[in-house]
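Just so you know, ligand 1 is whichever comes first in the structure, and atom 1 is the first atom listed for that ligand.
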Amino acid sequence: MSGVTVRAPAKVNLQLAVGAPRPDGYHDLINVFHAVSLCDDVHAAPADGVTVSVEGPRPGAPAPEVPLDGTNLAVRAAHALAEHVGLPAEVHLTIRKRIPVAGGMAGGSADAAAALLACDALWGTGLPRDELEELAAGLGADVPFALAGGTAVGVGRGDRLTPVLGRGQFHWVFAIAEGGLSTPAVYAECDRLRGAAAGEVTPEPDEALMTALRRGDAKALGRALSNDLQDAALALRPALAQTLAAGVEHGALGAVVSGSGPTCAFLVATPEAGLDLAVALSALGLCRDVKRASGPVPGARLVEDGAAAGRGGRTDRA
Ligand code: C5P
């Protein structure tokens, strides 16, 4: 197949400290991002105009509910790059989805970052890294991290990144809930729960978390995981409390709602412990699917076309 394929990772938030709402509709954050080995592939091929199709995790698997119109973040990324470099936007994007949709793991942002790199390669625009990062930030607060990968602290909207130099690999289990949660709705619920105090909160970095990352200490990292959006996600989806409790009961070192949810993330000591936990969570029937992954992994990157995203799936003009 002609064209190029870019793979981009999902993220879990190791710390998500949410500050006051801002006039631009965003919240000031301290957002410790961690990229994990659960990835979407975006294939870019020559076409007239911009079209997109989405496939499920396996060839022939049903495509998840991803918009196929101009609101699709990968489509927006293609248009943004074309406009930036003054070229006509001409690409067919095929997204192979593995990252849960509206799951709090920045799957749409991963697709946007992947589409940026894929179109840059397909069109030979060779955009400097800083310009790609600027375009990424314009597409969404989590998109720059999907380009960067690794582990990083994001401040401001979460898009001003500083890499965290940590040690070792961490092993994760993700409980994927049925259906998604709307990110703006979860932030709004967080403000509502905080009431009058919402305008006063200043997000603070967590030193214990940073020390755990520097030492590669999974036990300490498990204790330090935190998410200011968790109470809001639990208020909107009370059943998640049971999922989090079940993970801890079955050996997780730490349990946290990922981003705005509803995916629950469990840190485990070893891949074997991850398999045990995945089996236990599946047997309990508390979630739609269970995935295992490790991190940190690199950000969006070109891959050989052997593992390409493929053609087909739902297609529409965007
Ligand atoms: O950046 P992105 O468009 O992906 O963010 C989705 C929504 O999440 C925003 O429209 C906003 O409601 C919320 N958000 C926020 N503060 C942030 C990041 C996201 O309120 N720093």
Side-chain angles (χ1 to χ4, degrees), residues 8-35 40 42 65-67 69-80 95 97 99-116 132-149 152-162 180-195 197-206 226-233 235-237 257-263 299-300:
K11 58 85 181 160
V12 58
N13 305 89
L14 306 178
Q15 181 193 6
L16 180 46
V18 178
R22 314 188 322 186
D24 65 0
Y26 283 85
H27 292 69
D28 274 320
L29 303 179
I30 290 187
N31 197 345
V32 183
F33 293 103
H34 183 69
D40 283 354
V42 174
E65 283 315 305
V66 175
D69 57 15
T71 62
N72 182 299
L73 267 180
V75 169
R76 286 179 47 205
H79 283 295
I95 303 173
K97 273 310 275 176
I99 306 173
V101 178
M105 300 190 76
S109 301
D111 299 344
L116 269 184
L132 278 174
E133 286 164 1
E134 210 172 294
L135 282 179
L139 291 164
D142 289 353
V143 184
F145 178 72
L147 269 186
V153 182
V155 298
R157 290 190 310 158
D159 54 353
R160 298 207 320 267
L161 297 174
T162 308
L181 273 176
S182 146
T183 302
V186 176
Y187 274 95
E189 180 67 9
C190 175
D191 290 338
R192 197 188 66 80
L193 292 174
R194 284 173 169 176
E200 313 292 314
V201 188
T202 308
E204 302 284 351
D206 181 346
S226 71
N227 180 358
D228 283 357
L229 293 180
Q230 183 159 309
D231 286 349
L236 296 175
R237 197 68 79 78
V257 168
S258 180
S260 55
T263 302

| request: Please determine, by modelled atom types, if Ser258 and Thr263 share a side-chain donor-acceptor pair under 3.5 angstrom. | output: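 Result is no, nothing qualifies.
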Give me the residue, atom name and distance of the protein heavy atom closest to [atom].
atom	result
atom 5 (O) of ligand 1	Tyr26 CE2, 3.9 Å
atom 8 (O) of ligand 1	Thr183 CG2, 3.1 Å
atom 16 (N) of ligand 1	His27 N, 2.8 Å
atom 13 (C) of ligand 1	Tyr187 CD1, 3.4 Å
atom 10 (O) of ligand 1	Pro184 CG, 4.2 Å
atom 1 (O) of ligand 1	Ala141 N, 2.7 Å
atom 11 (C) of ligand 1	Gly25 O, 3.9 Å

| task | Answer yes or no: does an N/O atom from Ser109 fall short of 3.5 Å to an N/O atom of ligand 1? | result |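 Looking only at distances, the answer is no, because the N/O contact criterion of under 3.5 Å is not met.
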| Can you list the ligand 1 atoms lying under 4.0 Å from a non-hydrogen atom of Arg157? |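 In order of numbering, the contacting atoms are 17 (C), 18 (C), 21 (N).
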| query | For ligand 1, which atoms, with element, lie under 4.0 Å from some heavy atom of Gly140? | reply |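 What qualifies from ligand 1 is 1 (O).
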| request: Could you tell me the separation between the CG atom of Leu193 and the CG atom of Asp231, rounded to the nearest 0.5 Å? | output: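 Output value for this atom pair is 6.5 Å.
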| field | Separation of Glu204 CD from Gln15 CD (nearest 0.5 Å) | value |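 With rounding to 0.5 Å, CD (Gln15) is 9.5 Å from CD (Glu204).
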Shortest non-hydrogen separation from [X] to [Y] and the atoms involved:
X	Y	value
Gly199	Ala20	O-CB, 3.4 Å
Ala146	Ser109	CB-O, 3.8 Å
Pro144	Asp159	CG-CB, 3.9 Å

| Does the side chain of Val18 come within less than 4.5 Å of Val201's, by heavy atoms? |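 Val201 vs Val18: side chains apart.
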| message | As a test of understanding, state which of Asn227, Asn31, Asp142 forms a side chain to side chain donor-acceptor pair (under 3.5 Å) with Asn13. | response |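 By the side chain to side chain donor-acceptor pair (under 3.5 Å) criterion, Asn13 pairs with just one of Asn227, Asn31, Asp142: Asn31.
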| query | Quick one: does Asp142 get within less than 4.0 Å of ligand 1, heavy atoms only? | reply |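 No, Asp142 has no heavy atom closer than 4.0 Å to ligand 1.
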